[in-house]
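First the structure, in the form of structure tokens, and then the observations on it.
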Amino acid sequence: MYEHLLSLQNKLAKKVIICPYKNNIRLIGGVDVSFERFSNTGFCSFVVLNKKFEIVEVKNVKLTVKMPYVPGLLSFRELPLIYQAYKKLSFKPDIVFCDSQGIAHSRGLGLASHLGVVLNIPVVGCAKSRLVGEYNIPGNKKGNYTYLKYRGENVGAVLITKDNCKPMFISPGHLIDIKTSILTVLKFTKKYKIPEPTRVAHILSNSFRREDSNFY
DNA sequence: GCGACAG
DNA sequence: ATCTTGTCGC
């Protein structure tokens with residue numbers, strides 16, 4: 001049913017670059033998309049924070065898509081919104097956090113990797129649950145982690161971002177590696193389990209959707 | 001065939 | 001992802 005999308009993923013996966021991220025981060029981006037209950041209308045919020053976690057800029061995009069949610073093909077549903085929101089930004093972030101998987105994906109191209117390749121920017125995937133791979137449960141203290149292994153390769157980390165909380169599934173999207181992804185995520189995680197960029201984006205995309213439903 | 005399956 | 005109150009644990 002989706003052969004064409006599968007081959008496109010295989011093609012784009014070859015362009016993914018996994019390497020240490022060494023640059024300073026002055027601005028960090030976070031994106032998330034929320035959807036209406038009975039439609040395919042999505043609401044995307046792309047937020048840019050400075051290193052003090054202050055909001056520098058927010059851009060919203062509302063769009064109705066045709067692609068349904070299919071495990072492994074999430075990027076074809078959400079990327080149109082995320083791409084448009086990114087283009088509207090005046091302040092381009094040095095790196096982006098995305099609520100999804102990066103290379104921890106059946107064809108090595110989760111949403112975070114797809115986004116990174118299309119925009120040619122560093123992206124880290126920060127998901128609340130696993131898509132593929134096996135792992136051991138890490139200790140319950142912030143900073144503890146184990147590796148997520150898939151087909152014999154380490155494709156990400158299962159990271160505790162808050163004491164006694166369930167782990168986050170971190171996987172590099174593009175222009176970053178596993179180790180620097182972990183360090184970066186911890187650097188931008190303060191008080192809550194969810195890293196600040198995606199946490200703020202999640203809150204904003206939900207308010208965007210709820211405010212929009214008042215315009216009838 | 002069966003179960004798993006980011007958001 | 002979305003719906004949705006209370007409730008248990010640190």
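Just so we're clear, the structure is a prediction, and the values are computed from it rather than from any experiment. A note on names: the letters A, B, ... follow the listed sequences, proteins ahead of strands, and every chain is numbered from 1.
Taking atom CG on A:Leu131 and atom P on B:dC5, their separation rounds to 9 Å, with Å as the unit. The NZ-C1' distance, from A:Lys166 to C:dG9, rounds to 15 Å in whole Å. For the pair A:Arg210 CZ and C:dT4 C1', the computed distance is 11 Å after rounding to whole Å. In this structure, A:Phe35 places its CZ atom 9 Å from P of C:dT2, rounding to the nearest Å. Following rounding to the nearest Å, A:Ile194 (CD1) and B:dA6 (P) show an atom-to-atom distance of 15 Å. Taking atom CG on A:Leu74 and atom P on B:dA4, their separation rounds to 21 Å, with Å as the unit. Atoms NZ (A:Lys141) and P (C:dC10) sit 10 Å apart, rounded to a whole Å. For A:Arg37 and C:dT2, the CZ to C1' distance is 6 Å, given to the nearest whole Å.
Around OH of A:Tyr83, the count of heavy atoms belonging to other residues, nucleotides or ligands within 6.0 Å does not exceed 12.
A distance of 6.0 Å or more separates the ring centres of A:Tyr69 and A:Phe35. In this structure, the ring of A:His114 has its center less than 6.0 angstrom from the ring center of A:Phe76.
Within the structure, a side-chain polar atom (N or O) of A:Ser129 is placed less than 4.0 Å from OP1 or OP2 of B:dG7. When the side-chain nitrogen and oxygen atoms of A:His105 are compared with OP1 and OP2 of B:dC5, none of them lie within a distance under 4.0 Å. Put simply, A:Lys162 has no side-chain N or O that comes within less than 4.0 Å of OP1 or OP2 on C:dC10. Contact annotation: A:Lys128 side-chain N/O to B:dG7 OP1/OP2 distance is under 4.0 Å. Between A:Arg130 and B:dC5 there is a side-chain polar atom (N or O) within less than 4.0 angstrom of OP1 or OP2. Phosphate proximity of C:dA1 to A:Asn40: absent, as no side-chain N or O sits under 4.0 Å from OP1 or OP2.
Contact between A:Ile103 and A:Ser171 at its shortest, heavy atoms only, is N-OG, 3.8 Å.
Counting any heavy atom pair closer than 4.0 Å across all strands shown, A:Gly42 reaches no nucleic acid atom. A:Asp32 comes within contact range of the sugar-phosphate backbone alone, with a heavy-atom separation under 4.0 Å but no base atom that close. Residue-level contact check: A:Leu79 touches neither bases nor backbone, having no heavy atom under 4.0 Å from any strand. As judged by a 4.0 angstrom heavy-atom cut-off over every strand, A:His202 is placed among residues touching the sugar-phosphate backbone only.
Nearest nucleotide to the A:Asn206 side chain, out of C:dT2, B:dA6, B:dG7: C:dT2. The side chain of A:Glu78 sits closest to B:dG7 out of B:dC5, C:dC3, B:dG7. The nucleotide whose nearest atom lies closest to any side-chain atom of A:Asn164 is, among C:dA1, C:dC10, B:dG7, C:dC10.
You'll find the side chain of A:Val61 reaches within 4.5 Å of the side chain of A:Lys88, heavy atoms only.
Of the candidates A:Phe208, A:Phe91, A:Phe97, A:Tyr86, A:Tyr86 is the only one forming a ring pair (Phe, Tyr, Trp, His ring centres under 6.0 Å) with A:Phe46.
For B:dG7, the base is stacked against the aromatic ring of A:Tyr69, per a cut-off of 5.5 Å between centres and 30° between planes.
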